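If you read the sequence from its start, that first residue is 1, and numbering goes on from there. Remember, it's 1-based here, ligands and their atoms both numbered in the order they're listed. Here the structure is a predicted model, which is why all the values come from computation and not from measurement.
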Amino acid sequence: MARVYNFSAGPAVLPEEVLREAAEEMLDYKGCGMSVMEMSHRSKMFETIIQEAEADLRELMNIPDNYKVLFLQGGASQQFAMIPMNLMKHGVADYIITGQWAKKAYQEACLFGNAKAVASSADKTFSYIPDCSDLPIDEDADYVYICENNTIYGTKYKTLPNTKGKILVSDVSSCFLSEPVDVTKYGVIYGGVQKNIGPAGVVIVIIREDLITEDVLPGTPTMLRYKTHADADSLYNTPPAYGIYICGKVFKWLKKRGGLAAMKEYNEKKAKILYDFLDESRLFKGTVRKEDRSLMNVPFVTGDVELDAKFVKEAKAAGFENLKGHRTVGGMRASIYNAMPIEGVEALVAFMRKFEAENL
Ligand SMILES: *Cc1c(COP(=O)(O)O)cnc(C)c1O
């Protein structure tokens, strides 16, 4: 069996240890004679799985008691609608547009009320994070919305925006659990787990309790109300049970590795290897303003479309998968999430050096 180095932006690499454990438990989970896929979500066995997952996540992120943790479905994209439907009580919300995902969230919110784009980095192909220290925040804004790590463009907020007292809502899909966070600074933190945590099909929403109310936009379906899921501890209907089980295993893996502070240190070390090479290379260069660089998604180009394609092809043949950049930006992108070992980044850089020597 040969595992490749998978640089996919999502669904993405998972810890090998977790996959092996899941494989061992596939046919008979802890002596119950069935797979987690086959068990009732109302069983004692599954109750323990979801409760432990939540407890471990709370410990990892230091989530205060006045925040609820919800395991939902519909992907991050469904949150683009759930957020305004549940939170746009005055019909106004401010959005900071730092890429496609923020833009999609903004466009969805426009369906429900007066969503305003208060800042954008579209002028330079989203290659930087705009200055958010003094934005024209609307007095009636129900919340300020950001996409904290921009998966496609490879930028990340290093300081959170000054929301002037308004609730901050953040999409952390591609930086979830990559470093410590201060949950108290947010009203809502959410993300699809298929980037940095688990298999596609689960979205985790961490939401301050006072924001979960019955006062939602008229016509909001039962399934799209946070209150429905909060009241039922994420078991209103059948949850994505197997996905939650794998997420739980990843939480335990993260705890074993020293938690989020240790993860941050490791991620910084990994990203530095690649960024340092991009800064010195005569062939490859990074596309993002240095101070805004993501630790998770690293886009780069040669400046020549044909050479980019040649690189992606030869890299694939050498066991480096999914390095092609997003279809809207071209070039290359290496996603180096928590589960990407440092050896993978070292090997990639060695391969890039060789390619550079052969193609300059
Ligand atoms: C991938 C991604 C999304 C979309 O996620 P889905 O689960 O496919 O809806 C949204 N936001 C960010 C930051 C992403 O990386």
Side chain or backbone of K195 under 4.0 Å from ligand 1, or both, or neither, by non-hydrogen atoms? side chain
Going by atom types alone, do Y337 and N297 pair a side-chain donor with an acceptor below 3.5 Å? yes
With atoms numbered from 1 as shown, which atoms in ligand 1 lie under 4.0 angstrom from a non-hydrogen atom of G75? 7 (O), 9 (O)
Looking at ligand 1, would S173 count as a contact under a 4.0 Å heavy-atom criterion? yes
Is any N or O atom of G192, backbone or side chain, closer than 3.5 Å to an N or O atom of ligand 1? no
Test item: D292 side-chain N/O and I129 main-chain N/O as donor-acceptor pair under 3.5 Å: yes
Under 4.0 Å from a heavy atom of C147: which atoms of ligand 1 are those, numbered in the order shown and with their elements? 13 (C)
Distance-only donor-acceptor check, side chains S133 and D131, under 3.5 Å: yes
What residue among R225, K89, K227 forms side-chain hydrogen bond (donor to acceptor under 3.5 Å, both in side chains) with T213? K89
Which residue and heavy atom of the protein sit nearest atom 11 (N) of ligand 1, plus the separation: D171 OD2, 2.6 Å
Q79, E148, Q194, Q78: member with heavy atom nearest to atom 7 (O) of ligand 1: Q194
Could you measure the distance from the CD1 atom of I50 to the OH atom of Y245? Nearest 0.5 Å is fine. 15.0 Å
Return the residue, atom name and 0.1 Å-rounded distance of the protein heavy atom closest to atom 5 (O) of ligand 1. A76 CB, 3.5 Å
Is G10 close enough to touch ligand 1? Criterion: a residue heavy atom under 4.0 Å from a ligand atom. no
Consider every N or O of T151 and every N or O of ligand 1, then say whether any pair is closer than 3.5 Å. yes
In terms of relative ring orientation, are H229 and Y236 parallel, tilted or perpendicular, with 30° and 60° separating the classes? perpendicular
May I ask you to decide if the ring planes of F80 and Y145 are parallel, tilted or perpendicular, using 30° and 60° as cut-offs? perpendicular
Is the ring pair F355/F311 parallel, tilted or perpendicular, if the boundaries are 30 and 60 degrees? perpendicular
I need the nearest protein heavy-atom contact for atom 9 (O) of ligand 1: residue, atom name and distance, please. S77 OG, 2.6 Å
Under 4.0 Å, heavy atoms only, figure out whether ligand 1 is touched by the backbone of A9, its side chain, both or neither. neither
